[in-house]
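Only one structure is covered here, and it is reproduced in the block below.
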Amino acid sequence: MEGETPRELAREYAETRQLNPSLKKPVYHVSLSLSPGEHLNDAEWNTIADRYMIEMGFARSPYVAVRHTDRDHDHIHIVASRIGLDGKTVSDSRDYERSEKVIRGIEADFGLQRVAPSREAERRALTSGELRRALETGKPSVKMKLQRIIDDEAKHSLTMSDFIKNLERQGVVAIPNMAGNGRITGMSYQLNGETMKGSDLGKGYTFAGIQKRGISYAMERDLEELRRQKEINARDSQAGNDLTTHQVEGKKAVTGKIKEVCTINGRDHVVIQTDKETIVIPASSLDKTAAELKKMVGQEVRVRGGLRVRIDEPKERQMER
């Protein structure tokens, strides 16, 4: 790029923008940081910036790199146009994964400290999409909530049974991946109706990773509790599958008793019996966790007005009741 001031650079970006005005996200921004104590000169940073952009597919795109030395880690910011001078768009598909691969090569060639890939990290970072949603909503994602809750409860648990019960009190269901012989091959976690594999949270959240934190597992002691968790999840999932939607209606606030809490399409819902009908609403609309609502079965609650689903139950299920 020829410009040196923000205004001049913006004018150049605007020119390439005209080559594909319908592109919603025309700008690419990335920060490349060294570990504290490491240092590169300007020429080395220029070489790294060029290499990074070429390997990420920006060979024909204008970009600017700015070096910052105001922190304890030397780093650069790169701002590029995703529209090349040939009018073609640079794909941002799997850019996080591709970026890690490029950076690992740069670390090796320049003798820099190697950072473990995110798939090897004890705690996985948020994806760009997860981070964007968290910033837009102002609320932590399910991944962030699960990581925090698991981290907290792991500190206060000695056995796997203790750990699972402590998670349950926080509204988290630990779901073991169990072989027929009782061998545990993995662990998933469910919060607010959303289920995530332990490996998606990080190595430290897998079944093996939890044990490395000092939580002991003995099959003869803990297997029964793990089986109970698996049965709870299976029962809740089946309960959700048994419910069939009759119609959606907008209503005023109504009062009814909680019949059960179940999972429908991967999310926690509450089945409520009013004087006239059975309705189902998202558990989140009552501002309580699934675990709290399960303890309230049989209690009366007031449901705010709005859209909700009236359901019919299979006759055989009604007879069971």
Rounded to the nearest 0.5 Å, how far does OG1 of Thr195 lie from CG of Asp200? 11.0 Å

Which heavy atom of Met53 sits nearest to which heavy atom of Ala80, and what is that distance? CE-CB, 3.3 Å

I'd like to check Asp152 versus Gln170 (side-chain heavy atoms, cut-off strictly below 4.5 Å). Are they in contact? no

For Arg67, salt bridge (charged side-chain N to carboxylate O under 4.0 Å, His left out) partners two or more places apart: Asp42, Asp74

Taking all non-hydrogen atoms of both residues into account, name the closest pair between Leu201 and Gln147 and its distance. O-NE2, 2.9 Å

Given 3.5 Å as the limit, does a donor-acceptor pair link the side chain of Arg98 with the main chain of Glu55, or not? no

Single-linkage hydrophobic cluster, 4.5 Å side-chain cutoff, Leu34 and Ile48 together: yes

Any sub-3.5 Å donor-acceptor pair from Ser61's side-chain atoms to Ser81's backbone N or O? yes

Set out, in order, the CA-CA distance, both residues' side-chain angles and the distance that settles side-chain contact (heavy atoms from CB on, under 4.5 Å) for Phe163 and Ile150, then state yes or no. CA-CA 9 Å; Phe163 176 62; Ile150 293 170; 3.8 Å; yes

Check: Tyr96 main-chain N/O paired with Glu100 side-chain donor or acceptor under 3.5 Å: no

Shared hydrophobic cluster for Val66 and Val30 (ILVMFWY, side-chain gaps under 4.5 Å): no

Is a side-chain donor or acceptor of Glu153 paired with a backbone partner of Ile149 at a separation under 3.5 angstrom? no

Residues in salt bridge (charged side-chain N to carboxylate O under 4.0 Å, His left out) with Glu107, at least two apart? Arg104

Salt bridge check: are Arg221 and Asp162 linked by an N-O gap of less than 4.0 Å? no

Are the side chains of Arg213 and Asp151 in contact, using a 4.5 Å heavy-atom criterion? yes

Determine yes or no for a side-chain-to-main-chain donor-acceptor pair under 3.5 angstrom, with Glu12 supplying the side chain and Glu2 the backbone. yes

Residues in salt bridge (charged side-chain N to carboxylate O under 4.0 Å, His left out) contact with Asp50, at least two apart in sequence or another chain: none

Would you please test Arg228 and Glu168 for salt bridge (Lys or Arg N to Asp or Glu O under 4.0 Å) and show each step? CA-CA 12 Å; Arg228 185 182 73 84; Glu168 192 172 11; 2.8 Å; yes

Evaluate the criterion side-chain contact (heavy atoms from CB on, under 4.5 Å) for residue pair Glu225 and Met160; output intermediate values, then yes/no. CA-CA 9 Å; Glu225 181 62 30; Met160 192 63 67; over 6 Å; no

Looking at every non-hydrogen atom in both residues, tell me the closest pair between Val102 and Met56 and how far apart they are. CG2-SD, 4.1 Å

Go through the structure and list residues passing side chain to side chain contact (heavy atoms under 4.5 Å, CB included) with Thr47, not counting sequence neighbours. Phe110

Compare all side-chain heavy atoms of Gln113 with those of Glu38 and state whether any distance is below 4.5 angstrom. yes

Tell me every residue that passes salt bridge (charged side-chain N to carboxylate O under 4.0 Å, His left out) with Glu300, counting only those two or more places apart in sequence or in another chain. none

Shared hydrophobic cluster for Ile78 and Val64 (ILVMFWY, side-chain gaps under 4.5 Å): no

Tell me whether Leu293 shares a hydrophobic cluster with Val297, the cluster being built from Ile, Leu, Val, Met, Phe, Trp, Tyr side chains joined at under 4.5 Å. yes

Spatial distance of atom CD1 (Ile175) from atom OH (Tyr189) [nearest 0.5 Å]: 10.5 Å

Min side-chain heavy-atom separation Val271-Glu260 under 4.5 Å: yes

Looking at every non-hydrogen atom in both residues, tell me the closest pair between Ala174 and Met187 and how far apart they are. CB-SD, 4.0 Å

Quick one, Leu85 and Pro62 - any side-chain contact, counting heavy atoms below 4.5 Å? yes

Less than 3.5 Å apart, which donor and acceptor atoms pair up between the side chains of residues 20-28 and the rest of the protein, not counting sequence neighbours?
unit_1: Asn20; atom_1: OD1; unit_2: Ser22; atom_2: OG; d: 3.1
unit_1: Asn20; atom_1: ND2; unit_2: Thr89; atom_2: OG1; d: 2.8
unit_1: Tyr28; atom_1: OH; unit_2: Tyr52; atom_2: OH; d: 3.1

Main chain of Val79, side chain of Tyr13: is a donor-acceptor contact present, judged purely on distance under 3.5 Å? yes

To the nearest 0.5 Å, how far apart are OG in Ser157 and CD1 in Ile164? 9.5 Å

Examine Met196 and Ile184 and state if one hydrophobic cluster contains both, with Ile, Leu, Val, Met, Phe, Trp and Tyr joined whenever side-chain heavy atoms are less than 4.5 Å apart. yes

Might you work through the side-chain contact (heavy atoms from CB on, under 4.5 Å) test for Arg302 and Thr255, ending with a clear yes or no? CA-CA 4 Å; Arg302 186 170 178 78; Thr255 300; 3.3 Å; yes

side-chain contact (heavy atoms from CB on, under 4.5 Å) between Leu32 and Trp45, intermediate numbers included: CA-CA 10 Å; Leu32 304 180; Trp45 268 125; 4.3 Å; yes

Does the side chain of Phe58 reach to within under 4.5 Å of the side chain of Arg82, using non-hydrogen atoms? yes

So OG of Ser141 and CD of Glu194: to nearest 0.5 Å the spacing works out to 8.0 Å

Contact summary for Thr206 and Gly198, nearest pair of heavy atoms: CG2-C, 4.0 Å

Look up atom CG in Asn46 and atom CG in Leu40, then write down how far apart they are to the nearest 0.5 Å. 11.0 Å

Taking all non-hydrogen atoms of both residues into account, name the closest pair between Gly171 and Leu191 and its distance. O-CD1, 3.5 Å

